[in-house]
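The structure appears right after this line, and notes come after that.
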Amino acid sequence: MKVVKADLEHVAVKPEQYPTTLLPELALAGRSNVGKSSFINKMLNRKGLARTSGQPGKTQTLNFYEINEKLYFVDVPGYGYAKVSKSERAAWGRMIEEYLAEREQLKAVLQLVDIRHNPSEDDKLMYNWMKHFEIPVILVATKADKIPKGKWQKSLAQISKALDKDPLDPILTFSSETGHGKEEAWKTITKQLKV
Ligand SMILES: Nc1nc2c(ncn2[C@@H]2O[C@H](COP(=O)(O)OP(=O)(O)OP(=O)(O)O)[C@@H](O)[C@H]2O)c(=O)[nH]1
Ligand SMILES: [Mg+2]
């Protein structure tokens with residue numbers, strides 16, 4: 001998809017703050033620091049649009065990026081960040097659950113995992129939870145620039161096995177550093193969202 005327009009249109013912590021349009025939405029899920037905000041910037045060709053950081057826990061709200069007046073990417077705070085308090089974690093859980101479980105416009109979740117590591121328990125919980133709610137998932141193994149290309153297929157197979165991945169859910173490689181996988185990701189997203 002050729003991105004001609006992309007803006008952060010809504011920042012939400014509760015449903016009243018979600019967009020009132022009926023455009024399809026794609027949410028980004030994954031551990032803190034896995035590269036969700038970087039993924040958005042790379043896909044939209046906009047360097048600083050989604051704020052990124054070497055420190056985990058950067059994104060704290062649901063951020064709706066409207067693209068070409070056709071769809072939204074929804075940046076979601078990452079999970080598995082040990083430094084947040086119990087009450088913060090509970091609030092995070094409610095905010096995300098409310099959105100993921102109940103949002104009609106949510107057509108798919110793009111779950112990012114680090115290509116270098118086996119999925120964490122949180123990754124597994126997240127994936128299973130989405131399958132329970134029958135949400136289509138597109139898995140993206142990111143930071144692919146960090147390992148040699150020759151090892152990618154093996155990593156994808158290990159990740160798929162550890163998650164007990166549904167064969168219908170695509171799994172892609174990506175790098176926000178080099179832009180590898182961008183075309184394939186757009187193809188998969190536009191097909192899934194029918195945009
Ligand atoms: N080498 C490399 N680094 C990456 C890649 N994607 C993200 N990073 C780096 O990883 C760090 C975290 O990236 P973010 O995009 O902020 O991660 P996030 O998932 O949005 O994190 P939270 O908002 O805390 O949940 C930053 O330092 C990025 O530059 C990638 O594909 N390759
Ligand atoms: Mg982020």
Side-chain angles (χ1 to χ4, degrees), residues 1-21 23-85 87-100 103 105-106 108-117 120 122-123 126 137-146 172-182 185-186 189 193:
M1 161 149 5
K2 187 169 185 299
V3 177
V4 291
K5 193 162 176 267
D7 290 295
L8 173 59
E9 289 288 343
H10 301 266
V11 173
V13 293
K14 51 185 178 189
E16 300 87 88
Q17 298 164 330
Y18 299 167
T20 50
T21 54
L23 298 179
E25 295 168 10
L26 173 84
L28 280 287
R31 294 179 78 172
S32 229
N33 224 34
V34 72
K36 298 175 295 298
S37 302
S38 304
F39 176 91
I40 292 178
N41 289 335
K42 196 74 202 173
M43 292 295 280
L44 305 184
N45 304 318
R46 297 279 298 274
K47 261 195 174 147
L49 186 61
R51 292 180 58 204
T52 64
S53 164
Q55 298 291 320
K58 184 71 187 170
T59 308
Q60 305 241 344
T61 47
L62 298 169
N63 298 339
F64 292 77
Y65 295 90
E66 192 186 293
I67 304 158
N68 293 355
E69 294 175 8
K70 263 181 141 176
L71 74 154
Y72 284 99
F73 277 4
V74 186
D75 199 2
V76 171
Y79 49 76
Y81 176 42
K83 274 195 184 150
V84 299
S85 69
S87 61
E88 273 179 314
R89 208 171 307 160
W92 176 94
R94 277 194 300 278
M95 177 175 85
I96 313 266
E97 254 183 65
E98 202 168 28
Y99 173 73
L100 293 178
R103 182 71 169 163
Q105 288 90 320
L106 178 70
V109 170
L110 206 135
Q111 185 177 7
L112 265 67
V113 292
D114 190 318
I115 198 163
R116 295 169 296 173
H117 308 302
S120 66
D122 285 332
D123 288 329
M126 188 72 196
V137 177
I138 301 166
L139 282 160
V140 173
T142 193
K143 306 199 181 183
D145 57 282
K146 298 239 190 200
L172 315 170
T173 51
F174 193 83
S175 165
S176 300
E177 197 68 25
T178 66
H180 160 82
K182 193 173 151 183
W186 268 124
I189 291 165
L193 269 65

Between G48 and N41, what is the shortest heavy-atom contact and its length?
C-OD1, 4.2 Å
Mind checking whether F73 and I189 have side chains closer than 4.5 Å, heavy atoms only?
yes
Full working for side chain to side chain contact (heavy atoms under 4.5 Å, CB included) between L112 and F39
CA-CA 9 Å; L112 265 67; F39 176 91; 4.1 Å; yes
Does any N or O in the side chain of K143 come within less than 3.5 Å of the main-chain N or O of G35, such that one atom is a donor and the other an acceptor?
no
Approximate separation, where rounding is to 0.5 Å, of T61 OG1 and L8 CG:
8.0 Å
Quick one: does any side-chain atom of N63 pair with a main-chain N or O of V11 as donor and acceptor, under 3.5 Å?
no
Decide yes or no for T21 and E9: does some side-chain heavy atom of the first lie under 4.5 Å from some side-chain heavy atom of the second?
no
Is there a side-chain contact between Q17 and F64, using heavy atoms and a 4.5 Å cut-off?
no
When you measure from the side chain of N68 to the backbone N and O of K2, does any donor-acceptor pair fall under 3.5 Å?
yes
Kindly compute the distance separating CG (L44) from NZ (K47), expressed to the nearest 0.5 Å.
14.5 Å
Non-hydrogen atoms of D75 and A50 that approach each other most closely:
OD2-CB, 4.2 Å
Measuring from atom NE2 of H10 to atom CD of E66, what distance do you get when rounded to the nearest 0.5 angstrom?
7.0 Å
Should P19 and E25 count as side-chain neighbours, where that means a heavy-atom distance under 4.5 Å?
yes
Between R116 (side chain) and K146 (backbone), is there a donor-acceptor pair under 3.5 Å?
no
Quick one: are M126 and V113 in side-chain contact, heavy atoms under 4.5 Å?
no
List the steps and the verdict of side chain to side chain contact (heavy atoms under 4.5 Å, CB included) for L23 and L71.
CA-CA 5 Å; L23 298 179; L71 74 154; 5.5 Å; no
Under a 4.5 Å cut-off applied to non-hydrogen side-chain atoms, are V76 and L62 in contact?
yes
Would D123 and S120 count as having a side-chain donor-acceptor pair, cut-off 3.5 Å?
yes
The reported gap from NZ in K36 to OG1 in T142 (rounded to nearest 0.5 angstrom) is 10.5 Å
Side-chain donor or acceptor of E98 paired with backbone N/O of M95 under 3.5 Å:
no
Check the surroundings of atom CD in Q55: do more than 12 heavy atoms from other residues, nucleotides or ligands lie under 6.0 Å from it?
no
When you compare the side chain of F174 with that of K42, does any pair of heavy atoms fall below 4.5 Å?
yes
Between the main-chain N or O of V34 and the side-chain N or O of D114, is there a donor-acceptor pair closer than 3.5 Å?
no
For L100 and A27, work out which heavy atoms get closest and say how close.
CD2-CB, 4.2 Å
Distance in Å, L172 CG paired with K182 NZ, rounded so as to fall on 0.5 Å steps
15.0 Å
Hey, are the side chains of W186 and V3 touching, using non-hydrogen atoms and a 4.5 Å cut-off?
yes
Does R51 CZ have over 12 foreign heavy atoms under 6.0 Å away?
no
Check for a donor-acceptor pair, side chain of S32 on one end and backbone N or O of G57 on the other, with a separation under 3.5 Å.
yes
Would you give the length of the straight line joining atom CD1 of I40 to atom CG of L28, rounded to the nearest 0.5 angstrom?
4.0 Å
Looking only at heavy atoms, the pair that brings D122 and G80 closest together is OD2-CA, 3.3 Å
